[in-house]
Amino acid sequence: EAGVAQSPRYKIIEKRQSVAFWCNPISGHATLYWYQQILGQGPKLLIQFQNNGVVDDSQLPKDRFSAERLKGVDSTLKIQPAKLEDSAVYLCASSSGGWVRSGANVLTFGAGSRLTVL
Amino acid sequence: DAKTTQPPSMDCAEGRAANLPCNHSTISGNEYVYWYRQIHSQGPQYIIHGLKNNETNEMASLIITEDRKSSTLILPHATLRDTAVYYCIVLGYTGKLIFGQGTTLQVKP
């Protein structure tokens with residue numbers, strides 16, 4: 001099966017500019033996640049979608065970050081305006097869900113989008 | 001969600017078994033233990049998961065203690081390509097994977 005697709009792979013912007021990242025999950029996967037990974041740290045969950053609804057966005061800095069998942073498939077993560085501390089890799093992951101019933105929730109990750117804010 | 005504790009780094013000789021420990025003393029009865037790894041410049045990759053019983057797949061074995069408070073990931077014959085950061089994660093009822101700092105495994109020739 002095709003993996004999780006993300007674009008762009010690399011993006012360099014000036015602070016206060018805006019940027020958008022796109023994610024196409026594995027076909028049929030109901031759950032989609034966006035993680036932020038700062039250099040030297042583990043991935044941090046920003047937002048979790050179930051189909052096109054938000055399950056958890058408690059760690060999303062909503063004053064500057066926004067995310068949507070149109071029609072329960074593709075997703076876009078936007079940052080506006082960007083700050084220096086937003087420099088990170090933004091990882092998208094998807095899973096079939098179903099962990100409530102089975103306890104199994106295997107996430108498949110994309111390669112990530114590396115953002116550098118100057 | 002239960003937290004996990006892992007050593008920050010470990011070394012292993014190529015061809016030998018790599019045993020990566022994880023402590024999850026606050027795990028609840030219905031929470032699974034997951035292991036992922038992240039090779040440099042790639043997204044995390046699923047390795048294995050388990051609840052109570054030991055598990056084995058083509059990548060690794062997972063040994064969970066009887067009290068479920070700790071586990072060990074075993075790579076039976078480590079290669080240089082196994083050099084990565086390994087994350088032990090307890091999956092809670094929310095379905096969220098919360099990553100810690102992980103263990104950086106360096107496989108040496």
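Note on naming: letters A, B, ... go to the chains in the order of the sequence lines (proteins, then strands), and numbering restarts at 1 for each one. The basis for the numbers below is simple: all heavy atoms, side chains too, and nothing from hydrogens, waters or symmetry mates.
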* Which value, rounded to the nearest 0.5 Å, describes the distance between A:Thr108 atom OG1 and B:Tyr46 atom OH? -> 10.0 Å
* Would you indicate whether A:Leu118, at its atom CG, is surrounded by more than 12 heavy atoms from other residues, nucleotides or ligands within a distance under 6.0 Å? => yes
* Is there a chain of hydrophobic side chains (I, L, V, M, F, W, Y, each step under 4.5 Å between heavy atoms) that links A:Val106 to A:Tyr33? -> yes
* Asked: Any chance NZ of A:Lys71 has more than 12 other-residue heavy atoms, nucleotides or ligands included, within less than 6.0 Å?
  -> no
* **Side chain, backbone, both or neither of A:Leu91 within contact of chain B (heavy atoms, under 4.5 Å)** => side chain
* To do: Take atom CZ of A:Arg64 as the centre, draw a 6.0 Å sphere, and report whether it contains more than 12 heavy atoms from other residues, nucleotides or ligands.
  => yes
* Do B:Ile74 and B:Leu105 share a hydrophobic cluster, counting only Ile, Leu, Val, Met, Phe, Trp and Tyr and linking them when any side-chain heavy atoms are less than 4.5 Å apart? -> no
* Structure fact -> Applying a strict 4.5 Å limit to non-hydrogen atoms, the region of B:Gln45 in contact with chain A is neither
* To do: Answer yes or no: is there a donor N or O on one side and an acceptor on the other, between the side chain of B:Tyr34 and the main chain of A:Asn105, under 3.5 Å?
  => yes
* Looking only at atom types and distance, does a side-chain atom of A:Tyr35 sit under 3.5 Å from a main-chain N or O of B:Phe99, one as donor and one as acceptor? -> no
* If you measure from CD on B:Gln42 to CZ on A:Phe109, what distance do you get to the nearest 0.5 Å? -> 13.0 Å
* Structure fact -> Cluster membership besides A:Leu32, Ile/Leu/Val/Met/Phe/Trp/Tyr side chains within less than 4.5 angstrom, sorted by chain and number, is A:Ile13, A:Val19, A:Phe21, A:Trp34, A:Leu46, A:Ile47, A:Phe49, A:Val54, A:Leu60, A:Phe65, A:Leu77, A:Ile79, A:Leu84, A:Tyr90, A:Leu115, A:Val117
* Structure fact -> In this structure, CD of A:Gln59 is separated from CD1 of B:Ile98 (nearest 0.5 Å) by 8.0 Å
* Structure fact -> Per-residue tally against chain B (heavy atom, under 4.5 Å) across A:Gly112, A:Pro43, A:Ala111 peaks at A:Pro43
* To do: Could you pull out the closest heavy-atom pair between B:Gln101 and A:Gly40, with the gap in Å?
  => NE2-O, 3.7 Å
* To do: Against chain B, label A:Gln37 side chain, backbone, both or neither, depending on which of its atoms sit under 4.5 Å from a heavy atom there.
  => side chain
* Check whether B:Ile48 and B:Ile63 end up in the same hydrophobic cluster, where Ile, Leu, Val, Met, Phe, Trp and Tyr are linked by side-chain heavy atoms less than 4.5 Å apart. => no
